[in-house]
Amino acid sequence: MTYTNCWLTYPLLVDETGKTIAVSSEFTGPVADSALEELKAGFGGMYRRSVASVAGEADIALKKNEKIHPEGYRVTAGNGKVVLESGGERGMLYGVFSLLRQLQLSGGSFNDFSWQQDTAPANPLRMLNHWDNMDGSIERGYSGSSFFFENEEVVVNQRTKDYARLTSSVGINAVVINNVNVVKAASWLISDRYYGKLRQMQEIFAAYGIDLYLSINFAAPMELGGLTLSDPCDPGVQQWWKEKAKEIWQKLPGFGGFLVKADSEGRPGPFTYGRTHADGANMLADAVAPFGGKIIWRCFVYNCRQDWRDAKIDRPKAAYDNFMPLDGQFRDNVILQIKNGPMDFQVREPVAPLFGGLKHTNMMIEFQIAQEYTGQQRHVCYLMPWFRQVLEQDMCVPGVPSRVADLVSGRSYGNQNCGMAAVANTGNDLNWTGHDLAAANWYGFGRLAYDMTADPLDIAREWVQLTFGSNAQVVDTLTAILMDSWPAYEKYTSPLGIGWMVSPNNHYGPSVDGYEYDRWGTYHRASHRGLGVERGRTGTDYCRQYNEPLCSLYENVDTCPDELVLFFHRLPYTHRLKSGKTVIQHIYDTHFEGAEMAEGFLSKLEAIKNLLPEDAYDRMHQRLQHQMEHSKDWRDIINTYFHRISDIDDEQGRKIYD
Ligand code: GCU
């Protein structure tokens, strides 16, 4: 059985066999070839029409227009004619994918189709970070094993191309194929042993407008080069990286650059030598600059060996504390990649304050569509409504537009080295993402990174229609499940922004005290008196990393939004939220509601059984069944824990265990 095409399905709409589509193009080269191939696939599938390249009069004219952004496009379609203009081949290819998407969504004939669009990407970099290991495993991977690596080898096959098509079709223009936690085998990726295969992969990616990036080990000069140190200020180390960069770009022309996890969770980095992150990043930046390379340096740096007894050490403060003092010290081709929140991809977190702090440093946001803490692609959890909220958050920087969307897209300070990245959720499962509905996050992330004003509901609806067809009942049902999925997950897991409460290590399933008394340093500190962490002046003083008036808004319990209130405050169970409910009643109510919603997903799916392909239905059914049961575990464990500890009964007298 072959794997699915996800949303690139191109089902038959109208049989127009015999009529050829004439395409003229002012673009040449591999991307232009891909565009033509896509038109063939799309028109062949949807209309049974063949596609021919012509020099003159055409049905579809692909034109160069320098006035349009090289990754943007302008399309006018009507009466069986399309004119598609772009300033570059990538924009042209994105225009072609959009045209095919719009045709499919229209459901009708090509002649009756009319559409206009003039658009450019919001973010310069729109990136996927794969955490694939050379042995074929994937860190936090929930969709089978890697299709990039197997048995310490790089894999290039039909799936490489199909991945590139899917990824490019939603506007993603850069991909890191290997895990940020680079271990020995992957260090060797930047050596003769692998360049050949990487080159093949890169060519496939390039034909779809995707730049190849690699995660590197900061200690590579020692591991690969036999040097005795990897001190960024050591001339020998600097020289090693310069030569390495030259070699890489010779072997892989057009290579994008490096993603680096340094001094984080045990990874090597500049701290070993008493150097700063700026020293480390700039040394690499200087090595890759002659080739136009970029260094993406992650800010996920914190003390993961802390003493839980010390309530002053507060993990969320770490990124800001580490990187703010370095603002302005990084080279132009360095981009700091900052996780969306200060913790670690929880179902709800405030926005990382570093976004509102850095003013003279390139930055991009790191989301995670691999659902590490949001159900691991066994639970449905469509994340675009959450990401959109994050992007809309105003960080209140005086004098500049400062929603997260402005800051990461370069709008605030007029920079170009910035954008959005997501830890990817794909693997070699038949449906690519384990849960069929999880592909909506891959699709949605690309669409949102390209257009940050896109409505998550529209994206969901569009994805359902492209993937499962346009039957209204199917579209309405699956869209509703997707849209309710993140709220449901939040309700039946950890309450009011506090996060965690998951099993340690695998991060799956309820374990209220899983991360209490722990060196990784994340606590709810629940007692019979209350729970939460005080992060204002009387506590860890984290709030002060935010600009005013955000700092005061969070610090004052009366203005702090309910959904984050236990992240910012330690409160008694009887504290009344703005919703009018007490904290404890909120916990009970949301947990009953969330589990009920999960049960509803299953019955909604069952009602459209006959309208779905059997295999996809079976896969989804199995997962939703598990989600329903697992959400009850979550509900009962959380409710029981807080019932025992607070000794306060549910006002509605529902079943809570003792
Ligand atoms: C989390 C995750 C790790 C990962 C890390 C990172 O801590 O659990 O698997 O390595 O994030 O983002 O680097």
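Start at 1 and go down the list; that is how both ligands and their atoms are numbered.
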- Establish, from distance only, whether the side-chain atoms of Glu534 and His569 form a donor-acceptor pair under 3.5 Å. yes
- Item | Check ion pair Arg544-Asp541 (N to O, under 4.0 angstrom) | yes
- Query: Taking N or O atoms only and a 3.5 Å limit, does Glu366 qualify as a polar contact for ligand 1?
  - Reply: no
- Salt bridge or not for Asp307 and Arg519, using N-O below 4.0 Å? no
- Option of least heavy-atom distance to atom 12 (O) of ligand 1 (set: Lys261, Arg298, Arg267): Arg298
- Message: I need the atoms of ligand 1 closer than 4.0 Å to a non-hydrogen atom of Glu372, numbered in the order shown.
- Response: 1 (C), 2 (C), 8 (O)
- Item | Identity and separation of the nearest protein heavy atom to atom 1 (C) of ligand 1 | Asp344 OD2, 2.9 Å
- Message: Using every non-hydrogen atom in the two residues, find where Tyr373 and Tyr489 come nearest and quote the distance to one decimal.
- Response: O-CE2, 3.4 Å
- Audit row: Arg403, Asp406, salt bridge (Lys or Arg N to Asp or Glu O under 4.0 Å) steps and yes/no: CA-CA 5 Å; Arg403 290 169 316 146; Asp406 303 316; 2.9 Å; yes
- Message: Ring of Tyr523, cation from Arg525 - is the NZ or CZ under 6.0 Å from the centre and inside 45° of the axis?
- Response: yes
- Write out the residue and atom name of the closest protein heavy atom to atom 11 (O) of ligand 1, then the distance separating them to 0.1 Å. Lys339 NZ, 3.1 Å
- Message: Here's one to test your reading of the geometry: is the NZ or CZ of Arg447 within 45 degrees of the ring axis of Trp442 and under 6.0 Å from its centre?
- Response: no
- Query: Nearest heavy atom to atom 5 (C) of ligand 1: which of Glu265, Glu139, Arg140 does it belong to?
  - Reply: Glu265
- Message: Please list, in number order, the atoms of ligand 1 under 4.0 Å from a heavy atom of Phe300.
- Response: 5 (C), 6 (C), 7 (O), 11 (O), 12 (O), 13 (O)
- Check each heavy atom of Asn181 against ligand 1 and say whether those closer than 4.0 Å belong to the side chain, the backbone, both or neither. side chain
- Task: Please state whether His507 comes within less than 4.0 angstrom of ligand 1, counting heavy atoms only.
- Result: yes
